[in-house]
Amino acid sequence: MNGNTPLYKIVSLVAVLAAGGFSGGASAAGFALIEQSGSGLGNAYAGGAAAIDDASVQFFNPAALTEVAGTQVSMAGHYIMPRGNISGASVTRSPGNISYTGTIDDAGVNGFVPNFYYARDLNASLKFGLGISVPFGLSTEYDESWIGRYHALKSAVETVNINPALAFKLNDRLSLGAGVSAQYIKAELTSAADSGSFLGTPGNQAVDSYVKVEGDDWSYGLNFGLLYKPVDGMRLGLAFRSSIKQNLQGEATFMRSAPFNTLLGTSTVFTNTAASADIDLPASISLSVAHGFTPQIEIMGDITWTQWSNFQELRIDFANPVQADAVTTENWKDTYRYSVGMSYKLNDRIKLRTGLAFDETPVPDAQHRTPRIPDNDRTWLAFGLTHAHSSNLSMDVGYAHLFVKDSTIDNTTEGAPLQYNLKGNYENSVNILSAQLNYKF
């Protein structure tokens with residue numbers, strides 16, 4: 001793309017927005033973001049790998065590009081509003097079984113997720129697509145005075161995925177597609193440190209110290225898909241996204257309180273140092289179906305498996321040899337997402353959408369649930385509308401409410417002489433608003 005073309009400028013803007021930290025709280029299970037299409041949100045992303053609505057279909061199945069006519073651009077934005085209220089929270093320290101106090105806080109942080117998709121014909125059978133998306137994101141943040149401050153304060157994970165793809169129509173029934181992902185990730189984790197325990201006043205916030213760990217990385221993955229039409233009006237989609245192994249490199253910044261700094265003297269414990277962390281972002285497989293029962297009504301469904309079991313621990317390795325690794329055992333499990341949806345073509349300009357989905361959590365139990373990701377099973381209820389302003393321009397809007405199952409937490413910090421147990425009950429929910437513009441050249 002020429003650097004002066006409008007398309008190049010749009011791609012650059014979306015990439016900057018995505019990489020600049022506009023990802024919000026995770027709305028799919030774990031810290032995945034399924035908000036990759038404004039049109040798909042209205043159906044709760046049911047039938048995603050079998051959708052053919054617009055250029056955004058390539059995220060869910062690159063083979064579906066063969067059903068996108070001509071040259072198209074789709075630009076979407078999703079405003080995610082998570083809430084994570086904890087009640088009945090208590091913290092005890094061992095050894096000593098000492099109880100701690102602090103404020104109660106809401107973990108939810110609103111965020112904006114952008115998407116951009118471009119599709120064009122290379123010849124009668126071959127299609128090119130380019131997608132820029134934010135497939136993973138996390139943002140939780142607590143006040144410095146909150147009771148669980150020694151577990152977590154701020155957690156931010158932001159990604160941007162640049163995914164060119166090709167799709168080939170073998171015949172009128174079968175299409176195949178493949179793409180390559182270049183994915184950037186950056187993360188920031190902060191927490192307080194209980195300096196008071198070493199100064200004779202455990203849990204004294206006035207002498208707390210703080211640690212911030214930051215890192216980023218580029219890595220690569222693959223995605224494949226097929227789209228099959230066994231009979232007229234029916235589409236079957238099968239899509240695979242590979243795991244992406246990310247090795248984040250960065251630094252840890254330690255802010256020792258004045259009394260703690262005096263106590264440590266020349267010790268190099270809790271001093272700034274390089275840091276690294278490895279994380280395998282999960283592979284996924286989706287099987288989707290869409291069937292037009294009448295010219296007005298289409299029903300769709302989807303099952304998606306996500307390989308969260310490769311996230312067994314979060315280990316931060318400090319270059320400082322006297323600073324022990326920070327370890328959090330996760331023991332996440334693989335998950336399934338089930339969804340059904342319906343679209344109704346009211347007339348030549350308006351299509352109405354609705355959908356229902358159930359999304360399993362990868363968190364195995366209360367002991368492995370952390371305040372950074374207080375995740376649990378969720379049920380989606382979604383509505384949407386597509387309005388064609390002209391033969392070239394259309395707009396999608398959608399809304400989803402996620403009913404997140406209440407969750408308990410009974411988590412104990414690891415890898416240090418002092419360990420802190422946080423207990424409580426989370427009441428979570430998520431609201432999502434989406435809008436998308438589609439233009440056919």
Nearest atoms (heavy-atom pairs only) where A64 meets V57: CB-CG2, 3.7 Å
Worked check of salt bridge (charged side-chain N to carboxylate O under 4.0 Å, His left out) between R235 and E298: CA-CA 11 Å; R235 301 182 304 278; E298 185 174 60; 3.0 Å; yes
Centroid separation F116 to Y118 less than 6.0 Å: no
Other residues, nucleotides, ligands: >12 heavy atoms within 6.0 Å of D406 CG: yes
Minimum heavy-atom distance between T101 and I147, given as atom pair plus value: C-CG1, 3.9 Å
Shortest non-hydrogen contact from T66 toward A63: OG1-O, 3.1 Å
Single hit among T370, L189, I373 for side-chain contact (heavy atoms from CB on, under 4.5 Å) with S155: L189
Side-chain donor-acceptor contact under 3.5 Å, S286 with S288: no
Between CD1 on residue I299 and CE on residue M234, distance to nearest 0.5 Å: 11.5 Å
E67 and K229 ion-paired at < 4.0 Å: yes
Atom pair NZ/CG of K245 and D217 - distance to nearest 0.5 Å: 12.5 Å
N123 atom CG: more than 12 heavy-atom contacts under 6.0 Å: yes
Sequence-distant partners of Y420, ring-ring contact (aromatic ring centres under 6.0 Å, His included), two or more places apart: Y100, Y150
Test item: side-chain donor near acceptor, N115 and S133, under 3.5 Å: no
Residue pair Y45 / D302, side-chain heavy-atom distance below 4.5 Å: no
Mutual orientation of the aromatic rings belonging to W146 and Y142 [parallel < 30°, tilted 30-60°, perpendicular > 60°]: parallel
Test item: F59 and R241 side chains (from C-beta on) under 4.5 Å apart, heavy atoms: yes
Donor-acceptor pair between D54 and S56 side chains, under 3.5 angstrom: yes
Sole residue of T306, D334, T335 in side-chain contact (heavy atoms from CB on, under 4.5 Å) with E360: T335
Non-hydrogen side-chain atoms of T329 and H368 separated by less than 4.5 Å: yes
Atom CZ of R120 with >12 non-hydrogen neighbours under 6.0 angstrom: no
Geometric class of the F240/F224 ring pair [parallel <30°, tilted 30-60°, perpendicular >60°]: parallel
Y338 atom OH, over 12 foreign heavy atoms within 6.0 Å: yes
Beyond-backbone contact of L385 with I350, side-chain heavy atoms, under 4.5 angstrom: yes
Within-4.5 Å side-chain heavy-atom neighbours: V109 and R83: no
Working for side-chain hydrogen bond (donor to acceptor under 3.5 Å, both in side chains), residues D280 and S243: CA-CA 6 Å; D280 291 350; S243 172; 5.1 Å; no
Contact check, side chains of I132 and V160, non-hydrogen atoms, under 4.5 Å: yes
Donor + acceptor pair across side chains of T386, D396 (<3.5 Å): yes
By salt bridge (Lys or Arg N to Asp or Glu O under 4.0 Å) - contacts of R337 (at least two apart): D359
Student check: side-chain heavy atoms of E144 and R149 closer than 4.5 Å: no
Exercise: do N428 and N376 side chains pair donor with acceptor under 3.5 Å: no
Within 6.0 Å of CD in E427, more than 12 heavy atoms from elsewhere: no
Heavy-atom check, side chain of Y399 versus side chain of N431, under 4.5 Å: yes
Polar contact flag, side-chain donor to acceptor under 3.5 angstrom, N161-S181: yes
Ion pair check, D143 and K154, cut-off under 4.0 Å: no
Partners meeting ring-ring contact (aromatic ring centres under 6.0 Å, His included) with Y117 (sequence neighbours left out): none
No-hydrogen, no-angle side-chain donor-acceptor test under 3.5 Å, S284 and T304: no
